[in-house]
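So you know, we letter chains A, B, ... as the sequences are listed, proteins then strands, and number each from 1. None of these values were measured; they are calculated from a predicted model.
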Amino acid sequence: MLFLGFLPDKYIFPSVIKACAGLSTLGIGRQVHSLVSVTGFGLDTFVQSSLVHMYVKCGEMKDAHRVFDRMLDRSVVCWSALVAGYARQGYVDKANELFDEMRSFGVEPNLVSWNGLIAGFSQNGLLSKSLLILQKMHLEGFKPDGTTISCVLSVVGDLEGLPIGIQIHAYVLKQALHSDKWVVSALLDMYGKCGSPSAMMQVFYELPQMEVASCNALVAGLSRNGLVEDALKVFKQYKDNKIELNVVSWTSIIACCTQNGKDIEALQLFREMQLSGVKPNAVTIPCLLPACANIAALMHGKAAHCFSIRKGISSDVYVGSALIDMYGKCGRIVDSRHCFDSLPARNLVCWNAIMRGYAMHGMAGEAIDIFNLMQKNGHKPDFISFTCVLSACCQGGLTKEGLQYFEKMSQEYGIEARMEHYACITTLLSRAGRLKEAYSMIKEMPFEPDACVWGALLSSCRVYANVSLGEVAAEKLFKLEPNNAGNYVLLSNIYAAKGMWNEVYRVRDAMSSMGLTKNPGCSWIEIKNEVYILLAGDRSHPQMAQIIERLERLNMEMKKSGYLPDTNFVLQDVEQQDKENILCGHSEKLAVGLGLLCTPPGSALRVIKNLRICGDCHTVIKFISMFEGREIFVRDTNRFHHFKDGMCSCGDYW
DNA sequence: TTAGGGTTAG
């Protein structure tokens with residue numbers, strides 16, 4: 001328009017200025033402001049008003065006030081915008097003064113002015129200020145509307161103010177505002193954030209009408225309180241009632257599943273979302289990717305990556321960091337690094353994600369390089385960065401370096417050691433056989449060690465067959481986690497390794513009298529877009545006979561090459577042949593067996609296990625990698641084992 | 001025909 005020689009008029013300028021009222025467009029907005037000044041429209045009330053709004057929206061209060069001061073005719077709209085702007089920035093007195101000044105100029109505030117003031121205070125987290133205004137407003141005879149209430153409520157939950165929330169709810173009922181859809185979702189949101197899901201459900205049962213906003217608030221709130229099943233039920237009810245769900249609804253329910261261990265469900269919901277015609281966005285993808293990462297569903301993760309590229313959101317830092325994490329956890333550290341390198345901007349989460357990936361893969365050197373590089377790039381490591389670098393040192397056996405980083409953390413970086421750091425150092429020391437030092441450090445910890453710390457010590461006591469310390473750690477663990485059978489198993493393993501059979505039986509009796517059974521070993525493998533789950537000793541898979549046959553054939557080959565089954569890993573008191581059969585039924589072996597059957601020769605296999613990989617399986621899979629000429633990745637609870645040509649990337653140190 | 005307030009997902 002300008003190019004063609006036309007000038008905007010007083011009707012067009014406000015619209016243009018409104019379009020500039022965002023942080024990214026403020027620069028253009030300032031240019032338009034100059035144009036307004038030179039063309040003489042700077043005296044028009046509407047143009048001035050829109051300029052005030054633009055600056056307020058961008059938080060540029062000085063500029064907003066400068067324009068405002070020059071105005072001859074200040075409407076209530078303009079006063080309200082300025083007041084709200086100051087309130088949002090936390091200038092409480094200034095906002096209140098201006099509000100009163102407006103009246104002394106003969107301009108009466110309207111509902112929008114009151115709401116703007118309250119919204120401003122709420123956005124700044126100033127609950128008490130918002131409540132004061134609500135009270136004042138009420139006393140002056142102004143009836144609040146749904147906006148007023150939702151503004152006040154929006155700041156209640158974050159401050160754990162359930163009693164105040166309940167009071168406001170009572171006020172809502174008195175004012176007969178409980179059917180307002182904004183009020184309903186604000187109430188749901190408040191109760192969710194205040195940890196009162198029962199109150200949420202009460203609001204839900206009394207809903208005047210099912211709306212997408214209430215669905216979203218319900219799902220988010222139930223999820224926040226860990227009630228996944230309820231969230232899924234509510235979500236289904238909205239779906240069955242043909243309520244048109246939006247991208248927030250679907251993203252919320254997917255996030256709910258991934259955050260509560262329902263990864264397969266998350267993947268199914270993502271598919272359903274697409275079938276329903278709702279397009280995922282830059283929030284959906286980082287909510288979905290952890291599901292792919294958790295169960296190492298690489299194909300699903302890749303599909304989400306391709307989608308992000310097509311949609312032009314793969315450079316988003318949230319998407320990017322989720323991709324780095326997903327590839328890392330799916331055993332594709334090179335792809336993970338590629339995602340990291342191709343991000344135009346990285347935040348601390350991205351740096352920590354790639355570092356954690358290297359740590360999981362036992363690539364301590366690379367993790368340390370990243371740790372140094374991030375600082376050169378101006379990112380200060382946080383406590384998570386240190387957890388990553390310490391666990392990298394753990395996995396890589398870099399005991400000396402790990403101890404140095406631990407010391408530097410508090411001394412040079414001023415970061416107090418947390419539980420996870422102590423757990424890392426316990427592992428670091430005890431894996432290096434320095435069990436006594438580990439125990440001394442635990443005793444000197446400034447807070448009570450948790451089960452992770454004692455568990456790290458106990459596992460290493462098993463490796464080094466240290467009975468006395470193992471007993472100490474186990475005693476602590478029995479108190480901290482009375483129902484965790486794994487600790488009993490570890491202790492009895494320690495006794496068994498020393499041939500202390502009476503103690504072995506004593507521990508097992510204790511276990512069985514408490515009704516504890518070992519957490520069943522469970523492994524996953526993704527084959528052609530499908531995720532298969534295999535349980536230890538479970539023979540229900542349709543191809544189980546073939547799997548066993550294949551493993552037994554390999555077993556014979558291995559024995560010819562001098563391999564001895566390590567039956568120390570079998571706890572049951574059974575005959576040698578039975579022990580071998582039990583070993584054969586370990587879930588990671590079954591998953592590898594299924595992979596061998598169902599994938600082309602020579603292709604890589606990726607298996608995830610819910611427990612630490614067993615020593616015998618480790619030996620067997622090393623053999624399989626050589627004999628079958630396959631790369632095999634096994635992710636256990638601690639790290640990745642990359643088997644190739646008969647060797648493992650962990651160097652048999654895990 | 002032009003200027004105003006609020007929520008929900010990482």
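Residue pairs meeting the ring-ring contact (aromatic ring centres under 6.0 Å, His included) criterion with at least one member in residues 221-273 of chain A, sequence neighbours excluded: A:F235-A:W250.
Atoms CD1 (A:I17) and P (B:dT2) sit 15 Å apart, rounded to a whole Å. Note: CG (A:D325) to C1' (B:dG10) measures 13 Å, nearest angstrom. What separates CZ of A:R88 from C1' of B:dG6 is a distance of 12 Å, to the nearest Å. Rounded to whole Å, the distance from CG on A:D145 to P on B:dG4 is 17 Å. With rounding to whole Å, A:N110 atom CG is found 16 Å from B:dA3 atom P. What separates CZ of A:F204 from C1' of B:dT8 is a distance of 16 Å, to the nearest Å. The nearest whole Å value for the distance from the CG atom in A:L7 to the P atom in B:dT2 is 21 Å. At whole-Å resolution of the value, CE in A:M102 and P in B:dG4 are 16 Å apart.
Contacts of residues 277-301 of chain A with DNA chain B (heavy atom under 4.0 Å): A:N281, A:A282, A:V283, A:P286, A:C287. DNA chain B lies under 4.0 Å from at least one heavy atom of each of the following residues of residues 45-57 of chain A: A:F46, A:S49, A:H53, A:K57. Near DNA chain B, defined here as any heavy-atom distance below 4.0 Å, the residues from residues 58-79 of chain A are A:S75, A:V77, listed numerically. Taking a 4.0 Å limit (strictly below) on heavy-atom distances, residues 216-253 of chain A reaches DNA chain B at A:N216, A:A220, A:R224, A:V248, A:T251, A:S252.
A side-chain donor from one of A:H421 and A:T387 sits under 3.5 Å from a side-chain acceptor of the other. For the 3.5 Å distance criterion, the side chains of A:H33 and A:Y55 qualify, holding a donor opposite an acceptor. In this structure, a donor-acceptor pair under 3.5 Å is present between the side chains of A:T251 and A:T284. Checked by atom type, the side-chain pair A:S308/A:S314 shows no donor-acceptor distance below 3.5 Å. No side-chain N or O of A:D230 forms a donor-acceptor pair with one of A:N225 less than 3.5 Å apart.
For the pair A:K18 and B:dT2, the criterion of a side-chain N or O lying under 4.0 Å from OP1 or OP2 is not met. Look at A:K181 and you won't find any side-chain N or O under 4.0 angstrom from OP1 or OP2 of B:dG6.
Among the protein residues, A:S185 comes within range of the nucleic acid bases, having at least one heavy atom under 4.0 Å from a base atom. Among the heavy atoms of the strands lying under 4.0 Å from A:G146 is at least one base atom, whether or not backbone atoms are also near. In this structure, A:E211 reaches neither bases nor backbone, as no heavy-atom distance under 4.0 Å exists between it and the strands shown.
Checking B:dA3, B:dG4, B:dG6 against every side-chain atom of A:P14, the shortest atom distance belongs to B:dA3. Relative to the side chain of A:A255, the nucleotides B:dG4, B:dG6, B:dG10 differ in distance, and B:dG10 lies closest.
Remark: side-chain polar atoms of A:S336 are paired, donor with acceptor, to backbone N or O of A:I324 under 3.5 angstrom. Of the possible donor and acceptor atoms, one in the side chain of A:R88 sits under 3.5 Å from a partner among the backbone N and O of A:V56. Between the side chain of A:R635 and the main chain of A:K329, a donor-acceptor pair closer than 3.5 Å is present. At least one donor-acceptor pair closer than 3.5 Å links the side chain of A:N260 to the backbone N or O of A:C256. At distances below 3.5 Å, not a single donor-acceptor pair connects side-chain atoms of A:H169 with backbone N or O atoms of A:G165.
A stacked arrangement is not assigned to A:F13 and the six-membered base ring of B:dT2, the conditions of a centre distance below 5.5 Å and an interplanar angle below 30° not being jointly met.
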Practice prompt. Go through the steps for A:S252 and A:N216 under the test side-chain hydrogen bond (donor to acceptor under 3.5 Å, both in side chains), then give the verdict.
Written response: CA-CA 7 Å; A:S252 307; A:N216 298 354; 5.2 Å; no
Fill in: Residues A:W79, A:F105; criterion ring-ring contact (aromatic ring centres under 6.0 Å, His included); working and verdict
CA-CA 10 Å; A:W79 279 98; A:F105 272 81; 5.4 Å; yes
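Here the rule is side chain to side chain contact (heavy atoms under 4.5 Å, CB included) with A:K143, and of A:M137, A:H138, A:Q175 only A:Q175 fits it.
In this structure, the side chain to side chain contact (heavy atoms under 4.5 Å, CB included) partners of A:A266, at least two apart in sequence or on a different chain, are A:I254, A:C257, A:T258, A:A291.
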